[in-house]
Asker: 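I'd like to ask you about the structure that follows.
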Amino acid sequence: MGVEGRERRHHRQPAQAPWCLLRLESRAERFTMDPGLSDAVLKVFVELHRKGMIYKARRLVNWDPKLLTAISDLEVEPREVKGQMWYFDYPLADDPEVKITVGTTRPETMLGDTGIAVHPEDERWKRLIGKMVRLPLVGRLIPVVADAYSDPEKGSGAVKITPAHDFNDFEVGKRHNLPLVNVLTADARITIDGNPDFTTGIPGGVLADELRHLDGLDRFEARKRVVAWFEEHGLLQKIEPNAHAVPHGDRSGVPIEPWLTDQWYVDVRPMAEKAMAAVREGRTRLHPSEREKIFFQWMENIEPWCVSRQLWWGHQIPAWYGPDGTPFVALDEVAAQVEATAHYGAPVKLERDPDVLDTWFSSALWPFSTLGWPQDTPELAKFYPTSTLVTAADILFFWVARMMMMGTEFMGQTPFADVILHGIVRDEKGKKMSKTTGNVIDPLTVIDQYGADAMRFTLAAMASSGRDIKLSMARVEGYRNFATKIWNAARFAEMNGCLRVAGFDPHMVCETLNQWVLGEAARAAREVAAGIEAYRFNDAADAAYRFVWGTFCDWYVELSKPVLQAEGDSAAKDETRATVAFVIDVIASLLHPFMPFMTEELWAVKGEAGPARTGLLCHADWPELTGLENAAAEAEIGFVGERDLGSGLQQVLLVLVGASDGTRAIVGRWEAMIARQARASSIGFAENAPPQSAQIVVRGETIAMPLAGLIDLGAETLRLNKELAKLDGEIGGVERKLANTEFIAKAPEEVIEENRERIAEARARQAKIRDALTRLG
RNA sequence: GGGCGCGUAGCUCAGCGGCAGAGCACUCGCUUCACACGCGAGGGGUCACAGGUUCAAUCCCUGUCGCGCCCA
């Protein structure tokens with residue numbers, strides 16, 4: 001974190017960190033201005049300079065006229081502005097009646113025009129190439145040059161060239177040897193009076209009054225005056241509304257100016273090559289992998305990085321200037337003095353460069369500077385390279401790419417094996433949160449309302465495939481309810497004496513219900529682990545949620561009630577109690593990554609009775625649950641848990657028609673439970689359905705409910721007929737598929753088999769429904 | 001202008017070749033002895049549009065429209 005981050009955020013993050021359960025080692029907190037990290041910054045700067053990869057150059061930079069500093073390309077953000085395009089007429093020097101029309105969105109820059117470019121093939125202007133134009137208002141003579149930069153399709157086809165105030169014009173100017181005329185001060189005011197660059201081309205070197213009045217004006221005020229002048233002199237051809245992107249400083253929010261200054265640059269290309277190689281060869285993997293394309297696109301087109309800043313805070317650049325301005329880059333002034341003395345042949349007075357480094361320069365060193373580099377520390381040996389970096393996708397270039405460049409350059413290997421790029425949290429309308437817009441959702445507010453666990457779970461559940469998250473409070477609330485649900489389940493366990501039992505072995509349980517839930521728990525543990533390992537946190541969170549609510553609470557707890565709440569003690573009851581306690585421990589473990597507080601508390605509370613815990617849940621092992629799947633238990637509980645068994649009415653008789661011995665046995669074991677689920681008064685068996693009963697078909701079993709006088713038999717008939725028709729449709733579709741010879745020839749066997757089973761099931765079901773219909777009548 | 005991505009239930013989003021899913025919202029019924037932040041039962045989708053590939057397309061390909069983001 002840079003120094004400005006220190007000041008603005010430092011008080012806040014430690015407050016948030018514990019609630020978000022960032023597992024931070026606070027003794028290891030580092031800050032880029034710490035002495036150790038400053039040593040690293042100096043060393044890197046000096047080393048890169050020695051290798052010729054840091055140099056000083058006079059170029060156009062993105063200049064922030066409010067903060068009065070250069071900024072890097074990445075700190076510039078284009079903002080769509082509804083501006084205007086002004087068209088000015090520039091008269092030819094030797095024939096003022098002939099005028100060239102040029103368009104501009106920044107009229108005040110015309111003071112620095114040193115040429116006009118037209119496309120070499122443009123028939124309108126071709127004949128004027130090589131001629132001179134007298135720059136209106138200023139009087140300077142400037143040439144018409146042929147350059148393909150000018151787009152004949154746009155505007156008039158001729159563009160004014162201001163090499164000192166526009167990046168494209170700078171390049172055009174270089175190609176045609178046009179002079180650079182700077183007309184702006186650091187705070188973007190016009191400076192022309194006594195400005196030799198400006199006055200050089202002016203006849204007599206003396207400024208007319210109308211010009212002198214512009215001197216010292218703010219750029220926008222000057223713009224108005226220049227436009228007014230052109231209008232007065234009949235040289236304003238037209239004004240068109242024009243929406244275009246204007247570069248703004250991302251911190252200051254004001255339009256930046258391309259401005260000619262001396263700055264320090266890092267030649268990042270060699271480092272970029274090394275970083276790209278690391279990704280290409282799989283030594284660093286980006287997740288999601290689609291990000292790699294964007295990474296390469298940027299890295300392949302990378303430009304020199306302007307790292308000097310004219311600010312009062314930051315790492316001062318380790319460069320000292322001799323009397324003639326020669327820079328000496330060294331770790332300290334003494335070393336610089338040695339070099340200077342050697343250079344001049346005698347000691348000289350040195351002056352240190354007042355500029356500081358871009359904060360991202362020191363941040364780029366983070367993976368090794370924090371571990372003590374350039375010292376050879378044990379931490380460095382142990383923790384570099386790191387395994388995984390988790391960060392927001394929007395700082396891929398600012399930070400991640402630069403850490404990779406510096407890491408490969410100075411440590412010889414890429415700093416991370418995996419980089420997880422997640423989305424950023426946006427507001428509910430999908431807008432990027434920003435302090436200036438004022439739509440920042442403070443996590444502490446959400447936490448106050450719904451709890452840290454609910455918020456953390458929400459973020460995990462919504463963090464799919466690196467997409468941005470529109471934070472949905474409804475989701476947060478839903479997961480708060482989930483947390484409450486777990487507490488209530490734990491309370492149920494407590495009320496029923498479900499205590500942990502020493503040496504409980506999930507493989508030894510005898511009760512079908514318990515075998516079943518343990519198998520489900522094992523499946524859930526596998527799914528959650530797989531999700532986390534694949535960095536698919538939403539899949540992991542989902543799997544945990546489904547198991548806890550959908551399986552454990554909705555079914556297991558319900559089905560265990562008859563056993564737990566029966567009078568007296570039994571082996572089955574003991575086993576079920578132990579299983580409940582065991583599964584709650586599993587739940588705490590599975591959910592701990594997503595709901596650390598609640599689960600830790602649950603772990604502690606459940607640890608009060610039974611065998612002593614060895615420590616905190618966060619230090620406990622991931623549940624190792626293998627060999628617990630049990631197909632027979634799954635089938636049996638599947639039948640018992642069938643939602644469709646009942647009639648939706650209270651206290652009816654349930655009759656299983658023509659049930660097999662197996663089914664009779666299952667029903668025998670679960671009678672109380674099934675009756676309870678189905679709201680049935682009792683359950684019986686018969687070879688034929690009683691007259692006037694509603695009948696349903698569930699898992700191949702026909703269940704009849706004598707409903708004479710209870711329901712509308714006509715409505716029941718209608719319901720059954722509707723279901724028949726639905727099945728007809730399904731059968732028709734599948735039959736057509738199976739009749740297709742190509743399908744039979746080309747589809748995989750299991751798919752064909754699946755379809756055959758589907759049709760068989762549908763037909764069997766239809767038969768039973770038809771049977772039911774005749775009984776009903 | 002170039003690149004990347006997204007258009008799936010009213011909303012927020014999963015799924016990504018072989019019967020369209022979740023949460024929230026909605027409708028109906030429940031003071032069921034863990035939980036109304038709950039329980040049960042439902043309704044709701046030509047998976048943006050148009051072509052193509054395939055036995056089979058929400059999923060793959062091409063184009064169109066709409067919406068984001070990144071880089072010029």
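Reminder, nothing fancy here: chain letters follow the sequence lines and each chain counts from 1.
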Asker: Report the nucleotide, chosen from B:rA34, B:rC4, B:rU12, that has the shortest atom-to-atom distance to any side-chain atom of A:Lys561.
Answerer: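 The nucleotide sitting nearest to the side chain is B:rA34.
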Asker: From the list B:rG23, B:rA34, B:rG2, which nucleotide is the closest neighbour of the side chain of A:Gln297?
Answerer: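 The closest nucleotide is B:rG2.
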Asker: Do A:Asp358 and A:Trp305 have side-chain N/O donor and acceptor atoms under 3.5 Å apart?
Answerer: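 Judged by distance alone, the side chains do pair up.
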Asker: As a test of reading the structure: which of B:rC39, B:rC4, B:rC71 is closest to the side chain of A:Ile294, going by heavy atoms?
Answerer: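 That would be B:rC4.
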Asker: Could you walk me through whether A:Arg536 and A:Glu527 pass the salt bridge (charged side-chain N to carboxylate O under 4.0 Å, His left out) check?
Answerer: CA-CA 11 Å; A:Arg536 298 179 61 97; A:Glu527 288 174 356; over 6 Å; no
Asker: Salt bridge or not between A:Arg175 and A:Asp147? Use side-chain N to carboxylate O under 4.0 Å.
Answerer: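 A salt bridge is present here (some side-chain N lies under 4.0 Å from a carboxylate O).
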Asker: Could you please name the option among B:rA34, B:rC55, B:rC70 that lies closest to any side-chain atom of A:Phe743?
Answerer: B:rC55
Asker: When you compare B:rG18 with B:rA56, how far apart are their P atoms, in angstrom units rounded to a whole number?
Answerer: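 15 Å, rounded to whole Å.
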Asker: Assess whether one donor atom and one acceptor atom, taken from the side chain of A:Arg475 and the base of B:rC24, lie less than 3.5 Å apart.
Answerer: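 Answer no: no donor N or O sits under 3.5 Å from an acceptor.
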Asker: Among B:rC24, B:rC4, B:rA34, which is the nearest nucleotide to the side chain of A:Ala489?
Answerer: B:rA34
Asker: For the side chain of A:Lys485 and the base of B:rC35, is some donor closer than 3.5 Å to an acceptor across the two?
Answerer: yes
Asker: If you find the nucleotide of RNA chain B closest to A:Leu74 and the one closest to A:Arg536, which residue's nucleotide is nearer the 5' end?
Answerer: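 Final value for this comparison: A:Arg536.
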Asker: Can you confirm if the aromatic rings of A:Tyr545 and A:Tyr479 lie within a centre distance of less than 6.0 Å?
Answerer: yes
Asker: Does any residue of residues 747-755 of chain A have a heavy atom under 4.0 Å from RNA chain B, and if so, which ones, in number order?
Answerer: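 Heavy-atom contacts with RNA chain B come from A:Ala747, A:Pro748, A:Val751.
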Asker: Specify the separation, in whole Å, of atom CG of A:Leu421 and atom C1' of B:rC69.
Answerer: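 These atoms are roughly 14 Å apart.
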Asker: Let me know the distance between CG of A:Leu738 and P of B:rG18, rounded to the nearest Å.
Answerer: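 For the pair A:Leu738 CG and B:rG18 P, the rounded distance is 18 Å.
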Asker: Quick one: do A:Glu77 and A:Arg79 make a salt bridge, cutoff under 4.0 Å?
Answerer: yes
Asker: Keeping A:Arg577 on the side-chain end and A:Asn496 on the backbone end, is there a donor-acceptor pair under 3.5 Å?
Answerer: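 Yes: the side chain of A:Arg577 pairs with the backbone of A:Asn496.
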Asker: Of the candidate nucleotides B:rA34, B:rG3, B:rC55, which contains the atom at the shortest distance from the side chain of A:Asn740?
Answerer: B:rC55
Asker: A:Arg758 side chain: which of B:rC37, B:rG3, B:rC19 is closest?
Answerer: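 The listed nucleotide nearest to A:Arg758's side chain is B:rC19.
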Asker: Does a side-chain N-to-carboxylate-O contact under 4.0 Å join A:Glu520 and A:Arg546?
Answerer: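 No salt bridge links A:Glu520 with A:Arg546.
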Asker: Want to settle it: does A:Met495 or A:Thr484 sit nearer the 5' end of RNA chain B, counting the closest nucleotide to each?
Answerer: A:Met495
Asker: How long is the line joining CZ of A:Phe397 and P of B:rC70, in whole Å?
Answerer: 10 Å
Asker: Nearest-Å distance, CD (A:Glu527) to P (B:rA14)?
Answerer: 19 Å
Asker: Distance check needed: B:rG38 P versus A:Trp555 CH2, whole Å only.
Answerer: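 Rounded to whole Å, this separation is 18 Å.
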Asker: Classify the side-chain pair A:Thr576/A:Asn514 by whether it contains a donor and acceptor separated by less than 3.5 Å.
Answerer: yes
Asker: Can you tell me which stems involve RNA chain B, if a stem is defined as three or more consecutive Watson-Crick or G-U wobble pairs, both distances under 3.5 Å?
Answerer: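 In RNA chain B, stems of three or more pairs: B:1-7 with B:65-71, B:10-13 with B:21-24, B:26-30 with B:38-42, B:48-52 with B:60-64.
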Asker: May I ask you to evaluate whether A:Trp549 reaches the phosphate of B:rC39, defined as a side-chain N or O under 4.0 Å from OP1 or OP2?
Answerer: yes
Asker: Of the options B:rC4, B:rA34, B:rG40, whose atoms approach the side-chain atoms of A:Asn488 most closely?
Answerer: B:rA34
Asker: Is any NZ, NE, NH1 or NH2 atom of the basic residue among A:Arg269 and A:Glu303 found under 4.0 Å from an Asp or Glu carboxylate oxygen of the other?
Answerer: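 So A:Arg269 does not pair with A:Glu303 through a salt bridge.
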Asker: Is A:Arg491 salt-bridged to A:Glu494, cutoff N-O under 4.0 Å?
Answerer: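 Here A:Arg491 does not pair with A:Glu494 in a salt bridge, since their nearest N and O are not under 4.0 Å apart.
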